[in-house]
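Numbers restart at 1 for each chain; the letters A, B, ... are given by sequence-line order, proteins then strands.
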Protein chains: 2
Amino acid sequence: MIKKEARKRFFDYIKKQGLRNTRQREEILEVFLSSGGHITADEIFEKVKARDSSIGYATIHRNLALLLDSGLAEEIKIGKGKTRYEQMHMRQHHDHLICLKCGKFIEVRDENIERLQEKLAEENDFKPVRHKLEIYGYCKKCINKH
Amino acid sequence: MIKKEARKRFFDYIKKQGLRNTRQREEILEVFLSSGGHITADEIFEKVKARDSSIGYATIHRNLALLLDSGLAEEIKIGKGKTRYEQMHMRQHHDHLICLKCGKFIEVRDENIERLQEKLAEENDFKPVRHKLEIYGYCKKCINKH
DNA sequence: ATGGATGCAAATGATTTGCAGAATG
DNA sequence: CATTCTGCAAATCATTTGCATCCAT
């Protein structure tokens, strides 16, 4: 199962850094990995609190930083809203089409673009690690309304 | 001259919205258009203040919002730093290679990627307006140091 | 003259940090 | 046991807003 891999990767990272495992850390990881994607710190806080009402908000952020560092999560910051966190590990990388009207996120992937990005980086003596492609515009429903 | 075009576009927008032209607005636009790119609100504030020490910080933000709305500027939010503003109008669109070690921004452009993005959007019944592509990794200087 | 624009200071909102006690390896 | 982690509250930091006044049209 894929979630198991992600857990392993996270705990391997934790151990390598000389850090410890905790109940809270485990719960936050679980909620994050079970999220559809694009989850906020607040949303994680609410979900974890439902299971363990004693958890503090700061703990969410501290562990989110760890998810980022371990490469499991990626930040998405758009406009003035709060930062969203997306899974990097379990799922295949994808790009986003973002509707300027209704805010809808459409996940897409194009192998040719992926390949050209590698090439583009290489041509610039750059070793790519990850990337983010966001295309802003209007989705089908909103295309006539703006 | 290209800067002149950008100015026209901005003031056309202002007028269309029933807004007014002011000394401050003019100065902020000037500083923004003269910036190399990736400028922050603070940096604009400092530069404008050098010419007009009475200007307030809030005015920078209020006018930056206008630059965004008029389509002249684009926001770039990375990590925990402050938002950077980049010119959209005068210069050709470009993507970024961002070094995870030294923070260097390399501007790149690939026609094929641009074209494939159009196609990708179209296939999803999506009308693209603008996009943002950021590739994170290690630049030539840092590639051996991490 | 009229309503948008500005400067200032205070407010906001998200994220971070200091600290003392709790828990892990 | 030594250290990391946690919850809490206070602190930060960037950005936004309320308000009285100013100024462009």
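- Across C:dG3, C:dA5, C:dA14, the shortest atom-to-atom separation from the side chain of A:Lys82 is found for C:dA14.
- Residue B:Ile14 contributes atom CD1, which lies 19 Å from atom P of C:dG3 at whole-angstrom precision.
- Listed for the A:Lys77 side chain is no donor-acceptor partner under 3.5 Å among the backbone atoms of B:Thr83.
- A straight line from CG of B:Asp52 to P of C:dC8 spans 10 Å, rounded to a whole angstrom.
- Place A:Thr83 and A:Asn21 on DNA chain C by their nearest nucleotides, and A:Thr83 ends up nearer the 5' end.
- A:Glu118 and A:Arg115 are not joined by a salt bridge, as no carboxylate oxygen comes within less than 4.0 angstrom of a charged side-chain nitrogen.
- At whole-Å resolution of the value, CZ in A:Arg20 and P in C:dA22 are 16 Å apart.
- Regarding A:Lys77, its NZ atom lies at a distance of 18 Å from the P atom of C:dG13, rounded to whole Å.
- When every heavy atom of A:Phe32 is checked against every heavy atom of A:Ala73, the shortest pair comes out as CZ-CB, 3.5 Å.
- Axis deviation across the helix from C:dA1-D:dT25 to C:dG25-D:dC1 amounts to 40°, comparing end segments of five pairs, rounded to 10 degrees.
- Nearer to the 5' terminus of DNA chain D, by closest-nucleotide assignment, is the contact made by A:Arg23 (compared with the other of A:Arg23 and B:Tyr85).
- B:Gln117 CD to A:Ile135 CD1: the interatomic distance, rounded to the nearest 0.5 Å, is 4.5 Å.
- Using a 4.5 Å cut-off on side-chain heavy atoms (C-beta onward), A:Glu27 and A:Lys47 make no contact.
- Within 4.0 Å of A:Asp42, counting heavy atoms only, lies no atom of the nucleic acid at all.
- Side-chain atoms of B:Gln17 and B:Leu66, non-hydrogen and from C-beta on, never get closer than 4.5 Å to each other.
- For DNA chain D, the span of nucleotides reached by chain A at under 4.0 Å from its heavy atoms goes, 5' to 3', from D:dA2 to D:dC8.
- Listed in residue order, the members of residues 55-70 of chain B having a heavy atom less than 4.0 Å from DNA chain C are B:Ile55, B:Gly56, B:Ala58, B:Thr59, B:Arg62, B:Asn63.
- Checked by atom type and distance alone, the side chain of A:Arg7 never pairs as donor or acceptor with a backbone atom of A:Leu33 at under 3.5 Å.
- Two residues, B:Leu19 and B:Ser53, neighbour DNA chain C, and the one matched to the more 5' nucleotide by heavy-atom proximity is B:Leu19.
- Between the NZ atom of B:Lys49 and the P atom of C:dG7 there is a distance of 12 Å, given to the nearest Å.
- No donor-acceptor distance shorter than 3.5 angstrom exists from the side chain of A:Ser34 to the backbone of A:Val31, with no hydrogens or angles considered.
- No donor-acceptor distance shorter than 3.5 angstrom exists from the side chain of B:Glu26 to the backbone of B:Asn21, with no hydrogens or angles considered.
- The two residues B:Arg109 and A:Leu120 make their nearest non-hydrogen contact at O-CD1, 4.3 Å.
- Proximity of A:Gln24 to the phosphate of C:dA23: no side-chain N or O atom is located under 4.0 Å from OP1 or OP2.
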### Query
Please walk me through it: do B:Arg84 and B:Glu43 pass side chain to side chain contact (heavy atoms under 4.5 Å, CB included)?
CA-CA 10 Å; B:Arg84 292 185 167 272; B:Glu43 287 163 0; 3.7 Å; yes

